[in-house]
Protein chains: 2
Amino acid sequence: MSLAQIRYFVAVAEEGHVGRAAERLHVAQPPVSRQIRALEDELGTPLFARTPRGMTLLPSGEAFLDHARGILAAVERAGDAARGAARERPPLTPAPRSSAAG
Amino acid sequence: MSLAQIRYFVAVAEEGHVGRAAERLHVAQPPVSRQIRALEDELGTPLFARTPRGMTLLPSGEAFLDHARGILAAVERAGDAARGAARERPPLTPAPRSSAAG
DNA sequence: GCGTCCAATACCGTTTCGATCTCGCGCCCC
DNA sequence: GGGGCGCGAGATCGAAACGGTATTGGACGC
C-alpha cells in the first residue's frame with residue numbers, strides 16, 4: 001500500500017469514475033485502474049462495485065474511505081508540524097563567522 | 001513522501017543509527033540514508049542532527065515522529081476496517097444459479 | 001598516524017510506474 | 001435487433017524510482 005494508492009482511491013471514491021478521478025489526479029486512466037486493483041488485491045477484498053456507469057463504493061470501501069482521508073490529512077499535518085517546529089526552534093545556527101547569540 | 005520513507009524515519013529515530021535501522025528494516029544502509037535525506041529535502045527542513053555516534057532527533061524530527069507513528073497506525077487500521085466491513089457485509093453473493101434470499 | 005565506526009556518495013541491475021494503444025462489456029438510440 | 005458510445009480493464013513500452021554493492025569522507029580512540 002502506498003500513499004499514491006490511497007490518493008487514487010479517494011479520488012475514485014469521490015468521483016465515482018476512474019476516468020474522472022484520473023483527470024483530477026492529472027494522470028491517465030489505466031494507472032488509476034491498476035492501482036485500485038492492486039490496493040484491493042493487497043487488502044484481500046474489493047472496495048468498489050464495477051457498474052456500467054462507473055464505480056460504486058462497497059461497504060469495505062466506505063470503511064476504508066474514512067481512514068484514507070484521515071491518513072492523507074495526517075500526512076499533511078506531519079509535514080506542517082516538522083516545518084513549524086523547525087521555525088520555532090531552529091536546530092543550530094550554522095553561524096559560520098559572526099556568532100550572534102540570540 | 002512515501003510510507004516507506006515514514007517507516008524508515010521511525011526506525012532511524014528509534015534506533016538512533018542508520019545502520020541499525022536498516023538492519024531492523026531488512027534493507028541495506030544506503031537506501032535508508034538516502035530516503036531520510038529525500039524526506040528532509042521534501043519537508044524543507046532537517047529532521048536529524050548527524051553526530052559521529054549516529055543520528056539525533058531535532059525538534060522538527062520529534063514533531064514529525066509523533067505524526068509518523070500515527071500515520072503508520074492509521075494505515076494498519078484502514079486495512080483492518082476494510083477487511084472487517086467486507087466480512088460483516090459481503091458485497092453481493094454471486095449466487096450464479098440457486099437464488100437464496102438472505 | 002592508523003584503525004574503527006558512522007553516514008554519505010557513485011554506480012549498476014532490477015523493479016515499479018505511468019502513457020499510449022487496444023479490447024470487452026453493457027446501455028442507449030434508432 | 002444492430003450500431004454507436006460510455007465505461008473499466010488489459011497489453012506493451014519507455015522512464016523514473018528503488019535497493020544493493022563497493023567506495024569515500026569525517027570524527028574519535030589508541
Side-chain angles (χ1 to χ4, degrees), chain A residues 1-58 60-61 64-65 68 72 75 91-92 94-96, chain B residues 1-58 60-61 64-65 68 72 75 91-92 94-96:
Chain A
M1 181 170 358
S2 70
L3 289 178
Q5 283 175 344
I6 296 175
R7 278 187 244 268
Y8 286 14
F9 166 80
V10 172
V12 173
E14 291 182 354
E15 297 289 345
H17 291 256
V18 172
R20 205 177 284 271
E23 207 171 316
R24 189 215 277 193
L25 295 162
H26 302 294
V27 294
Q29 171 256 319
V32 177
S33 183
R34 214 183 318 162
Q35 294 288 6
I36 295 295
R37 257 197 182 276
L39 181 59
E40 292 178 325
D41 194 55
E42 182 177 339
L43 293 176
T45 180
L47 300 171
F48 292 100
R50 274 75 172 174
T51 78
R53 313 293 290 167
M55 311 273 278
T56 305
L57 271 178
L58 294 174
S60 54
F64 190 79
L65 181 57
L72 297 182
V75 169
L92 253 186
Chain B
M1 181 168 359
S2 69
L3 289 178
Q5 282 175 345
I6 296 175
R7 278 187 244 270
Y8 286 13
F9 166 80
V10 172
V12 172
E14 290 181 354
E15 296 288 345
H17 291 257
V18 171
R20 205 176 285 273
E23 206 171 316
R24 189 214 277 195
L25 295 162
H26 303 293
V27 294
Q29 170 254 321
V32 178
S33 182
R34 235 177 312 171
Q35 295 288 3
I36 295 295
R37 256 197 182 276
L39 180 59
E40 291 177 325
D41 194 54
E42 183 177 338
L43 292 176
T45 180
L47 299 171
F48 291 99
R50 273 76 172 173
T51 78
R53 312 294 289 167
M55 311 271 280
T56 304
L57 271 178
L58 295 174
S60 55
F64 190 77
L65 181 55
L72 296 183
V75 168
L92 251 186

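All heavy atoms count here, side chains included; hydrogens, waters and symmetry mates do not. Not measured: the values here are computed from a predicted model. So that the names make sense, note that chain A is the first sequence line, chain B the second, and so on, each numbered from 1.
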Reading nucleotides 24-30 of chain D from the 5' end, what letters show protein touch, with B for base, S for backbone sugar-phosphate only, - for no heavy atom under 4.0 Å? ---S---
The contact string for nucleotides 15-24 of chain C, one letter per nucleotide 5' to 3', using protein heavy atoms under 4.0 Å with B, S and - for base, sugar-phosphate only and none, comes out as --SBBBB---
Value in whole Å for how far the [atom2] atom of [N] lies from [atom1] of [X]:
X       : N      : atom1 : atom2 : result
A/Arg37 : D/dG10 : CZ    : C1'   : 10 Å
B/Leu39 : C/dA8  : CG    : P     : 13 Å
B/Arg50 : C/dT9  : CZ    : C1'   : 13 Å
B/Ile36 : D/dG19 : CD1   : P     : 11 Å
B/Met1  : D/dC18 : CE    : P     : 13 Å
B/Leu3  : D/dC18 : CG    : P     : 12 Å
A/Phe48 : D/dA9  : CZ    : P     : 10 Å
B/Glu23 : C/dA7  : CD    : C1'   : 16 Å

Is there side-chain contact between B/Glu14 and B/Arg24, with heavy atoms separated by less than 4.5 Å?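 Result yes, sub-4.5 Å side-chain heavy-atom pair found.
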B/Met55 and B/Arg50: side-chain contact (heavy atoms from CB on, under 4.5 Å), yes or no, with the steps? CA-CA 5 Å; B/Met55 311 271 280; B/Arg50 273 76 172 173; 3.8 Å; yes
Given C/dA7, is OP1 or OP2 found less than 4.0 Å from the side-chain N or O atoms of B/Ser33?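 Checking B/Ser33 against C/dA7: no side-chain N or O falls below 4.0 Å of OP1 or OP2.
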Out of A/Val32, A/Leu39, A/Leu57, which one pairs with A/Val12 under the side-chain contact (heavy atoms from CB on, under 4.5 Å) rule?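 For A/Val12, the side-chain contact (heavy atoms from CB on, under 4.5 Å) test succeeds with only one of A/Val32, A/Leu39, A/Leu57, which is A/Val32.
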Any side-chain to backbone donor/acceptor pair from B/Gln35 onto B/Gln5? Under 3.5 Å, distance only. no
Donor-acceptor contact below 3.5 Å, side chain A/Ser2 vs main chain B/Ser2: no
A/Leu72 vs A/Ile6, side-chain contact (heavy atoms from CB on, under 4.5 Å): CA-CA, chis, key distance, verdict: CA-CA 8 Å; A/Leu72 297 182; A/Ile6 296 175; 3.9 Å; yes
side-chain contact (heavy atoms from CB on, under 4.5 Å) for B/Leu43 and B/Met1? Distances and angles first, verdict last. CA-CA 9 Å; B/Leu43 292 176; B/Met1 181 168 359; 4.2 Å; yes
Going through the checks in order, is the side-chain contact (heavy atoms from CB on, under 4.5 Å) test met by B/Val18 and B/Phe48? CA-CA 11 Å; B/Val18 171; B/Phe48 291 99; over 6 Å; no
Within 6.0 angstrom of A/Glu23 CD, more than 12 heavy atoms from elsewhere: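 12 or below, so no.
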